[in-house]
Each structure stands twice: as structure tokens, then as C-alpha cells.
Amino acid sequence: MAVGNDVVVVTGSSGFVGQHLVKLLHEHDDNCSEIRLFDLKPYKNKIGHREKKPVKHFVGDIRDAAAVSEAFKGANCVIHAAAVVDLKSAKNKEMVTTNVDGTKTVIDACIQHNIPRLVFCSTTDVTCGTEHIFYGTESTTPIPSTFMIGMYGQTKCKAEKLVLAANGQLLANGDGTLRTVSVRPTPLYGPQDRCFFYEILRYAKKHKYYLRIRSLDERLQISFVGNAAWALIKAKDRLAVDETISGESFFITDDTAIIDIHEHIRPFLEARNIPVSNFIFPYWLAWIILSLLCFFVRFLNLFVNYEVDIPSVSQLNYMCSTFFYNRSKATLRLDYEPIFNPEEADSLSLDYYSTVELSI
């Protein structure tokens with residue numbers, strides 16, 4: 001693949017990871033000559049990046065084969081970041097049809113249009129079950145039988161398996177095969193986040209207080225979204241020159257400190273003048289209270305449609321677990337190193353979390 005010839009399709013380009021992918025493709029990727037943006041929502045440059053390269057905009061659903069086909073014509077690489085993220089519901093059909101069926105559509109379109117490279121944006125949540133993970137590697141961290149984050153982890157795992165199983169499939173013209181790779185970042189934070197820290201801040205603002213809940217000495221590893229986006233681009237570039245990485249998955253971390261998650265969120269809470277509890281509320285008691293409340297809500301829903309804005313038990317379990325990973329494989333084989341240091345990540349994140357509108 002000649003340098004500067006990559007015509008890259010970004011699915012989910014208007015999303016959290018997608019926005020940062022587009023920024024880095026414009027500003028830092030010398031191999032990219034054209035960017036195709038594909039999302040349900042029309043793309044808006046929300047993080048103020050420079051627009052240095054030709055861009056084509058496509059509004060469509062990745063479950064719509066005709067719309068996907070139109071966007072993929074003439075491309076030679078796809079970074080598939082489109083997904084539905086719902087950490088509460090265990091019955092979200094949109095997660096199944098988008099995350100799994102939509103990924104099938106993406107794979108089929110790559111083969112149909114002779115696109116040789118497909119990079120999948122996965123997550124370490126595909127490995128999170130009931131057991132803690134300490135410096136997990138790809139070869140020693142199994143897929144759990146039960147996912148900590150329920151249907152989201154399950155659907156992302158199914159999609160990842162589809163992508164990796166498609167590696168080596170013959171392209172439609174019979175000239176070459178599809179090469180695929182899965183990139184698994186840890187939970188992400190940073191500008192345009194509408195899921196992780198955003199939800200914590202939203203709950204805290206609604207109740208005018210942040211309650212620290214812990215079991216023992218948990219450590220939930222997180223990464224800045226810009227570094228995860230950079231890892232996806234590095235995977236794209238390595239696939240062009242190194243076939244041995246195809247069919248592989250890679251854990252992605254950065255240099256964000258592996259500290260108490262409450263200490264990560266504290267600066268953002270303080271920036272919004274939201275008090276933080278001085279004491280630690282015991283996890284076991286929080287689990288009992290939340291489990292009873294969720295059971296009561298499910299019971300009510302047998303008779304009436306009743307919604308309550310509370311975290312799920314799985315979210316509580318997740319926040320009170322230890323999951324951290326080893327990125328050596330990505331460093332050695334993708335040539336990945338974080339491009340945003342912790343100070344830059346903290347500064348950009350503080351600017352965002354201190355000003356973003358919180359819907360309550």
C-alpha cells in the first residue's frame with residue numbers, strides 16, 4: 001500500500017471515539033488521503049480539529065446494506081466504531097441488531113467492495129466477568145461465561161468474533177483476502193463522553209452529592225479516548241504492511257494512572273461544585289439496597305410502565321471491581337504508544353467535563 005493512498009471509512013464517525021478518530025486522521029495520519037464519514041447522525045466537528053483532507057459524508061444505518069455499500073465504494077480500509085452502548089438494559093434489541101447484525105453488514109460490504117483491511121473497535125469489556133483481572137494479556141485473559149456489563153459486553157464480544165472469523169475471507173474479485181484486527185481499549189474518558197464519567201457526573205448533579213462506594217482496594221483502569229483512537233489508526237497502518245497481526249486482538253491502555261476511580265472523577269466533580277463524601281459507603285450494603293430497588297422496579301413493570309433513573313447492579317459491580325491490562329502486545333506488534341500524556345488528557349477532559357451540559 002503506497003503511503004498517502006488510504007481511503008478510510010469511519011463508521012460511527014459522529015460518536016465518542018469517532019470524533020477523535022476523524023481528528024487524528026486529519027491531523028496525524030500521513031497515510032490517509034480521504035476520509036469517509038458514516039453515521040446515523042450528520043457529522044459535526046465538535047472537538048475543533050483542523051480539516052486538512054477531502055471528506056465525504058454519508059448518513060445511514062450500518063444495518064442498511066445499501067447505505068453501507070454506497071459509503072464503502074472505492075475505499076481500501078474501514079475502521080468500524082459504530083455501536084449502541086447501553087449499560088443498564090438487558091433487553092435492548094438495538095444493541096443486538098446494531099452491534100452484531102450491523103457488524104455482519106460491514107463485513108459483507110468489505111468483501112463486496114474488495115476492501116482488504118477492517119479494524120474493529122472492541123472493548124476490554126469483552127473479557128470482564130466475575131473474576132478480577134490483574135495486568136491481563138490477550139493470551140491469558142479468557143472470554144467469561146457471564147459478562148459483567150451484560151448485553152453490551154455480550155454483543156461486542158459476538159461482533160468481535162465475527163470480525164476475527166472473517167479474517168482471510170476471499171474478496172469478491174478473487175484478488176486478495178480480507179485482513180481484520182480487533183482493538184480493545186479499556187473504559188474511555190475525555191471530550192464527547194456521554195457514557196462513563198458523564199453519567200457519573202449526571203447522577204451526582206441530580207442528587208447534589210457524590211457518594212463514594214468501595215469494597216476493598218479496587219483499581220479500574222481507564223484510558224483517554226484520543227489514545228484509543230490513535231491505536232485504531234496504528235492498527236490500520238500495521239495491517240497494510242504486516243499480515244501476521246491479522247486475526248488478532250489487542251488490549252489498549254495508556255499512561256493514565258491506575259488509581260482509585262473516585263480520585264479520577266474528583267477533579268471533575270469539584271469543577272462543578274458537587275460535594276464528595278468524606279466517608280466510604282460499603283459496597284455490600286449498596287449492593288443489597290440497589291438489588292432490592294431494581295427488583296421492586298421490575299415487579300412494578302409487570303403491571304405498569306415505570307421507569308426510574310438509577311444505576312444498574314452491574315454498573316455498581318463494575319465500579320467496585322479490579323480490571324487492568326498489559327499493552328505489551330500492542331506496543332510490539334502495532335507500534336502503538338500513547339500520543340496524549342496524562343497531563344494533556346486531564347486538561348482536555350477537565351475543560352469538557354466542567355462545561356458539558358448534564359441532562360437530569
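Ion pairing between a basic and an acidic side chain is recognised when a charged N comes within 4.0 Å of a carboxylate O; R63 and D101 show no such pairing. Contact check on R184 versus D125 returns no salt bridge, with no Lys/Arg side-chain nitrogen under 4.0 Å from an Asp/Glu carboxylate oxygen.
Within 6.0 Å of atom CZ in F299, 12 or fewer heavy atoms from other residues, nucleotides or ligands are found, so the atom counts as exposed in its surroundings. Remark: Y209 OH is packed, more than 12 non-hydrogen atoms of other residues, nucleotides or ligands lying under 6.0 Å away.
A donor-acceptor pair is defined here as one N or O able to donate and one able to accept, closer than 3.5 Å; no such pair exists between the side chain of N301 and the backbone of N305. For the pair H132 (side chain) and R219 (backbone), a donor-acceptor distance under 3.5 Å is absent. A donor-acceptor distance shorter than 3.5 angstrom exists from the side chain of N227 to the backbone of I339, with no hydrogens or angles considered. Side chain of R333 to main chain of D242: no donor-acceptor pair is present (N/O by atom type, distance under 3.5 Å, no hydrogens or angles). Checked by atom type and distance alone, the side chain of N99 never pairs as donor or acceptor with a backbone atom of A83 at under 3.5 Å. A donor-acceptor contact shorter than 3.5 Å links the side chain of S14 to the backbone of K41. At least one donor-acceptor pair under 3.5 Å links the side chain of R212 to the backbone N or O of S277. No donor-acceptor pair under 3.5 Å is formed between the side chain of H49 and the backbone N or O of L24. Between the side chain of N31 and the backbone N or O of D6, no donor-acceptor pair lies under 3.5 Å. The main-chain N or O of E243 is found under 3.5 Å from a side-chain atom of S246 such that the two form a donor-acceptor pair.
Taking the six-membered ring for Trp and the full ring otherwise, the centers of F58 and F38 sit at least 6.0 Å from each other. Ring-centre distance between H262 and Y210: below the 6.0 Å cut-off. If you look at H80 and F120, their ring centroids are closer than 6.0 Å. Between Y135 and Y325, the ring centre distance reaches or exceeds 6.0 Å.
The only member of Y189, Y353, Y352, F196 that meets ring-ring contact (aromatic ring centres under 6.0 Å, His included) when paired with F268 is Y353. Residue F251 is tested with T127, T186, I133, V183 for a side-chain contact (heavy atoms from CB on, under 4.5 Å); the sole match is T127.
Partners of T141 by side-chain hydrogen bond (donor to acceptor under 3.5 Å, both in side chains), not counting sequence neighbours: none found. Listed by chain and number, the residues in a side-chain hydrogen bond (donor to acceptor under 3.5 Å, both in side chains) with S328 are N326 (sequence neighbours excluded).
Tracing side-chain contacts under 4.5 Å through hydrophobic residues (I, L, V, M, F, W, Y), one never reaches I265 starting from F324; they form parts of separate clusters. One hydrophobic cluster, built from ILVMFWY side chains closer than 4.5 Å, cannot hold both L25 and L118; they sit in different ones. Residues V126 and V181 do not share a hydrophobic cluster, clusters being chains of Ile/Leu/Val/Met/Phe/Trp/Tyr side chains in contact below 4.5 Å.
Judged by the 6.0 Å distance and 45° axis criteria, K329 is positioned over the aromatic ring of F250.
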